[in-house]
Amino acid sequence: MATAMRPGRVDQPRDGEAFLPPGFFDAFPSLERDRERLGPVLHRTDTPLFLVDTRILAERYREVERALARRSARSAIAYSFKTNYAVAESRLLGELGAWAEVVSGREYRLARGLGHPGEEIVFNGPHKRDDELLLALTEGALIHVNDREELERVLELRMAHHGRARVGLRVKADLPGVEPSRFGLSLEDGEAAAAVARMLSVPGLAPAGLHLHLRGDTDDPGHFRKAARRVARLLAHGGPEGGRLRVRSLDLGGGFPAHGPRPRSRRTWDPRPIGEYVDAITGELSPALAHEDGPTLILEPGRYLVADAIVFVSTVLRARRSGNGQLVTVDGTVTMLPLTHYCPQIARLFTSDLLPRRDSSLPSTVLGSSCRENDVLYSGPLPPAVRGDFLVFYAAGAYNSSLSPEFIFDAPPVLFA
Ligand SMILES: Cc1ncc(COP(=O)(O)O)c(C=O)c1O
């Protein structure tokens with residue numbers, strides 16, 4: 001219980017809200033403004049539930065698209081499926097033109113089932129079975145090989161196959177200030193160059209593309225710039241006889257900070273508009289990208305597209321005073337919001353008529369309704385809660401539902417508003 005906290009005003013910034021971009025609360029369906037529309041939806045369906053604002057989803061996608069269009073002749077946005085499967089299944093991003101980024105055979109089959117043609121699937125991940133690789137090779141997906149062992153397997157499978165194979169290489173860069181990744185072929189120790197040379201030694205084969213995804217929690221566009229520079233260096237000298245390496249795609253991954261709270265791992269947090277990250281990448285790769293017949297620049301955003309487009313709505317089951325604060329129990333559980341370990345939550349209280357409670361706030365602990373003692377969804381100030389109120393958790397779209405086990409209760413439904 002956060003007993004050290006003094007009662008304060010509800011509009012004071014709270015832990016999870018200190019680093020939010022201006023206008024954050026105007027963007028997600030202002031529940032109050034849209035109460036005529038959302039009230040019936042919320043009263044028709046039992047909480048807890050996830051509520052998706054499709055307008056924000058589309059706007060985030062278009063922001064990335066606009067940023068890419070400014071600097072790259074050809075580009076593609078491959079939505080990282082694992083960030084939120086319900087969004088993938090809604091087909092909304094696919095209808096806007098998004099490709100699919102998948103990291104397992106299961107996700108690959110999901111993408112095909114949703115209608116993505118092989119050519120518009122980027123198949124990443126450290127574990128791809130032979131049968132899954134063969135299917136992806138046959139269907140013309142872009143496979144990013146993770147390591148030397150996988151490369152040898154792909155080369156062997158390719159021998160037996162005469163389709164539209166597109167095989168690229170995942171590479172990694174050692175950058176100051178960024179935790180090293182365990183995935184991909186190292187650019188520093190010659191592993192990536194050796195894999196390129198291995199592919200070029202096979203008659204009729206060359207890497208279709210290069211892929212680099214920075215390890216998470218990076219807010220500095222400079223890190224993306226440096227990563228792109230390392231990729232550009234390999235392109236400049238990694239080709240036949242130390243010359244230029246020509247590829248059909250350059251994929252700089254995802255990892256762009258979402259509109260949401262500061263990760264707990266970071267003391268400072270200064271997320272920039274998405275265009276700054278895209279410019280940092282394209283600036284380094286521009287000699288290759290400027291040509292009409294140059295490679296397609298692929299980005300694989302996940303959290304940027306979905307985080308703030310989705311809220312988690314729970315209902316207050318009981319609230320009681322405790323010390324100088326309150327204990328509030330809701331019908332959700334922390335397993336439905338597992339990212340509470342990753343970043344502080346942004347919680348706001350509404351009456352059952354979707355009017356925001358603005359009264360002065362109390363130090364509050366929000367407990368989930370499972371039988372676990374440590375089922376705590378939020379600690380921080382909240383106005384006094386009343387049974388039947390809605391407690392809404394903002395920026396809940398990324399990774400929560402895909403990482404949550406079905407534990408004790410059914411998985412919360414996902415509503416698209
Ligand atoms: C290879 C790859 N691409 C894209 C993503 C999406 O990252 P984010 O949700 O940070 O944009 C991930 C996430 O871990 C990833 O591993």
Side-chain angles (χ1 to χ4, degrees), residues 57 60-61 63-65 67-68 75-88 93 98-108 111 120-128 136 141-147 150 168-173 178-185 209-221 223-224 227-228 231 249-266 269 271-274 276-278 280-281 297-310 338-339 342-343 395-403:
L57 201 57
R60 298 285 169 256
Y61 180 84
E63 284 167 2
V64 183
E65 197 176 47
L68 279 166
S75 59
I77 302 168
Y79 168 56
S80 183
F81 265 33
K82 63 186 168 296
T83 322
N84 190 307
Y85 293 115
V87 168
L93 294 174
W99 293 11
E101 188 264 343
V102 301
V103 287
S104 69
R106 173 177 168 266
E107 288 192 356
Y108 184 89
E120 296 184 1
I121 300 178
V122 181
F123 193 3
N124 294 326
H127 174 49
K128 311 175 188 83
L142 174 58
I143 299 170
H144 287 135
V145 165
N146 185 68
D147 50 51
E150 192 175 78
L169 296 171
R170 177 164 180 168
V171 300
K172 63 178 171 185
V178 180
E179 274 201 73
S181 171
R182 72 184 173 103
F183 303 117
L185 300 145
L210 297 176
H211 170 235
L212 188 151
H213 170 76
L214 276 187
R215 195 164 169 181
D217 299 351
T218 305
D219 59 341
D220 182 355
H223 291 147
F224 289 89
V231 170
S249 59
L250 290 171
D251 182 335
L252 267 288
F256 311 108
H259 295 65
R262 169 180 60 97
R264 292 189 197 277
S265 64
R266 295 295 312 274
W269 189 238
R272 312 301 310 150
I274 188 71
E276 290 192 28
Y277 300 98
V278 176
I281 290 168
L297 176 64
I298 303 171
L299 297 181
E300 303 169 346
R303 72 187 76 188
Y304 184 82
L305 299 179
V306 301
D308 66 324
I310 303 178
L339 259 66
Y342 167 75
C343 56
Y399 299 104
N400 277 311
S401 59
S402 46
L403 279 173

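As the structure lists them, so they are numbered: ligands from 1, and atoms in each ligand from 1. We're numbering straight along the sequence, starting at 1. All values below come from the heavy atoms of this structure, side chains included, with hydrogens, waters and symmetry mates left out. Please read all numbers here as calculations on a predicted model, not as lab measurements.
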What orientation do Tyr277 and Phe224 show, parallel under 30°, tilted 30 to 60°, or perpendicular over 60°?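 The rings of Tyr277 and Phe224 stand perpendicular, inter-plane angle above 60°.
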Pairing of Arg60 and Asp308 as salt bridge, 4.0 angstrom limit: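 Between Asp308 and Arg60 there is a salt bridge, with a charged N closer than 4.0 Å to a carboxylate O.
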Considering only heavy atoms, which protein residues lie less than 4.0 Å from any atom of ligand 1?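 If the criterion is a heavy atom under 4.0 Å, then ligand 1 touches Ser80, Lys82, Glu101, Asn124, Arg170, His211, His213, Gly254, Gly255, Glu300, Pro301, Gly302, Arg303, Tyr399.
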Looking only at side chains, do Glu101 and Ser80 share a donor and an acceptor under 3.5 Å apart?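 Distance-only check passes for Glu101 and Ser80.
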Would Thr83 and Tyr399 count as a side-chain contact (heavy atoms from CB on, under 4.5 Å) if you check the C-alpha gap in whole Å, the side-chain angles of each, and the deciding distance to 0.1 Å? CA-CA 5 Å; Thr83 322; Tyr399 299 104; 3.7 Å; yes
Option passing side-chain hydrogen bond (donor to acceptor under 3.5 Å, both in side chains) with Asn124 (candidates Glu300, Arg170, His213):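 Testing Asn124 for a side-chain hydrogen bond (donor to acceptor under 3.5 Å, both in side chains) against Glu300, Arg170, His213 leaves exactly one candidate, Glu300.
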Once rounded to the nearest 0.5 Å, what's the spacing between atom CG of Asp147 and atom NZ of Lys172?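 Answer rounded to 0.5 Å: 9.5 Å.
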